[in-house]
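Computed from a predicted model, the values in this text were never measured in an experiment. In what follows, residues are counted from 1 in the order of the sequence shown. What you see below is based on every heavy atom in this structure, not just the backbone, and it leaves out hydrogens, waters and symmetry mates.
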Amino acid sequence: MTKKIEAIIREEKLNDVKDALRAIGIVGMNVCEVRGHGRQGGIVLAGRTGSYQVDMLPRLQLNIVLSDKNVDRTVDAICNATRSGKPGDGIIFVYPVDEVIRIRTNERGHEALMYEGDIDTVSET
Ligand SMILES: Nc1ncnc2c1ncn2[C@@H]1O[C@H](COP(=O)(O)OP(=O)(O)OP(=O)(O)O)[C@@H](O)[C@H]1O
Ligand SMILES: [Mg+2]
């Protein structure tokens, strides 16, 4: 029914990914700053006093809650906009969402995810 896409991306890819999402009609989203590492465990930097390990690298976490049927298209758009092909491009998690409540109107579920002109109101499928 309703899913949450949590995409951990490079900070410099935010504008590209926002453009790609706007192009397919994704409206509601949020972003937060996170730090972490994947399987390389961070990077080694050369400083004036020698090299040191940075194990928690800054990334952006992009969160989108949307209808099930739009997940694949949205994940593809995010991947295409953020992939450089180098290690550290990021990772995407998809979770089930139990409920959505728009505070102003008390709309629930799918109703609370509808935006004027968004992927749900314009797409045929
Ligand atoms: N298993 C995980 N759980 C939570 N966050 C993760 C996990 N793996 C990666 N991340 C987050 O995603 C960011 C980017 O990860 P990264 O792209 O390096 O993944 P990777 O699995 O090491 O793939 P690659 O080999 O392409 O680097 C990390 O900095 C971290 O914030
Ligand atoms: Mg990595």
Side-chain angles (χ1 to χ4, degrees):
M1 289 287 298
T2 303
K3 293 284 169 74
K4 175 185 172 186
I5 296 175
E6 182 182 302
I8 315 290
I9 61 166
R10 297 183 192 275
E11 294 173 306
E12 65 268 25
K13 294 292 187 181
L14 183 62
N15 280 330
D16 289 347
V17 80
K18 278 195 297 186
D19 290 347
L21 291 170
R22 192 178 306 118
I24 62 165
I26 294 291
V27 177
M29 68 184 71
N30 72 75
V31 71
C32 52
E33 295 175 10
V34 295
R35 287 178 179 276
H37 61 77
R39 55 186 171 183
Q40 290 84 10
I43 53 170
V44 176
L45 287 180
R48 269 175 300 181
T49 55
S51 61
Y52 58 99
Q53 171 87 11
V54 181
D55 69 341
M56 290 295 189
L57 297 165
R59 288 289 185 273
L60 292 178
Q61 178 184 314
L62 176 66
N63 301 301
I64 303 166
V65 175
L66 75 179
S67 304
D68 220 332
K69 63 177 200 248
N70 295 320
V71 167
D72 289 348
R73 193 141 57 117
T74 305
V75 164
D76 286 349
I78 295 170
C79 287
N80 290 334
T82 57
R83 184 183 296 116
S84 74
K86 301 197 181 89
D89 273 353
I91 195 158
I92 298 178
F93 306 115
V94 180
Y95 308 87
V97 171
D98 284 342
E99 184 59 295
V100 183
I101 301 110
R102 176 173 284 122
I103 293 175
R104 177 174 61 88
T105 57
N106 204 33
E107 289 162 294
R108 305 271 161 152
H110 186 249
E111 291 291 297
L113 291 173
M114 302 277 275
Y115 304 90
E116 186 82 24
D118 83 351
I119 196 168
D120 273 331
T121 56
V122 299
S123 75
E124 301 289 301
T125 50

Should Y115 and I24 be counted in the same cluster of Ile, Leu, Val, Met, Phe, Trp and Tyr side chains packed under 4.5 Å apart?
no
Given side chains that start at C-beta, do those of R59 and E11 come closer than 4.5 Å, heavy atoms only?
no
Might you point out which heavy atoms bring P58 and R35 nearest each other, and give the distance in Å?
CD-NH1, 3.8 Å
Let me confirm one number: the OG1-CG distance from T2 to N70, rounded to the nearest 0.5 Å.
10.5 Å
Give the minimum heavy-atom separation between V17 and A81, together with the two atoms involved.
CA-CB, 3.8 Å
SG of C32 to CD1 of I8: how many Å apart, nearest 0.5 Å?
7.5 Å
Determine the minimum heavy-atom distance between G36 and M56, stating which atoms define it.
CA-SD, 3.4 Å
Look at the side chain of Q53 and the backbone N and O of G41, then say whether any donor-acceptor pair between them is shorter than 3.5 Å.
yes
Minimum side-chain heavy-atom gap R10-D89 below 4.5 Å:
yes
Determine whether I64 and V71 fall in the same hydrophobic cluster, where Ile, Leu, Val, Met, Phe, Trp and Tyr are linked whenever their side-chain heavy atoms lie under 4.5 Å apart.
yes
In the single-linkage hydrophobic clustering (I, L, V, M, F, W, Y; side-chain heavy atoms under 4.5 Å), do L45 and L57 co-cluster?
yes
CD1 on I92 to CD1 on I78, rounded to 0.5 Å:
5.0 Å
Do other residues, nucleotides or ligands put more than 12 heavy atoms under 6.0 Å from I103 CD1?
no
I'd like to know if the side chain of S84 reaches the main chain of K86, judged simply by a donor and an acceptor atom lying under 3.5 Å from each other, with no hydrogens or angles considered.
yes
If you link I, L, V, M, F, W and Y whenever their side-chain heavy atoms are under 4.5 Å apart, who else ends up in the same group as M114?
none
N-O pairing of D76 and R73 below 4.0 Å
no
Could you grab the distance from atom OG1 of T82 to atom CG of L14, nearest 0.5 Å is fine?
11.0 Å
Could you point out which residue of I119, V27, T74 forms a side-chain contact (heavy atoms from CB on, under 4.5 Å) with L21?
T74
Here's a test for you: under side chain to side chain donor-acceptor pair (under 3.5 Å), which of R104, R102, R108 qualifies with N106?
R108
When clusters are formed by joining ILVMFWY residues with side-chain heavy atoms under 4.5 Å apart, either directly or through shared neighbours, do I101 and V97 land in the same one?
no
Distance col, row L66:CG vs I5:CD1, nearest 0.5 angstrom, shows 4.5 Å
Quick check against the 3.5 Å criterion: does E6 have a side-chain atom that pairs as donor or acceptor with the backbone of L62?
no
To the nearest 0.5 Å, what is the distance between CG on D16 and CZ on R83?
13.5 Å
Please check if V31 and Y95 belong to a single hydrophobic cluster, counting links between Ile, Leu, Val, Met, Phe, Trp and Tyr side chain heavy atoms closer than 4.5 Å.
no
Would you say the side chain of N63 lies within less than 4.5 Å of the side chain of K4, judging by non-hydrogen atoms?
yes
More than 12 heavy atoms of other residues, nucleotides or ligands under 6.0 Å from CD of E116: is that the case?
no
Kindly give the heavy-atom pair with the smallest separation between E33 and L60, and that separation in Å.
CG-CD2, 3.9 Å
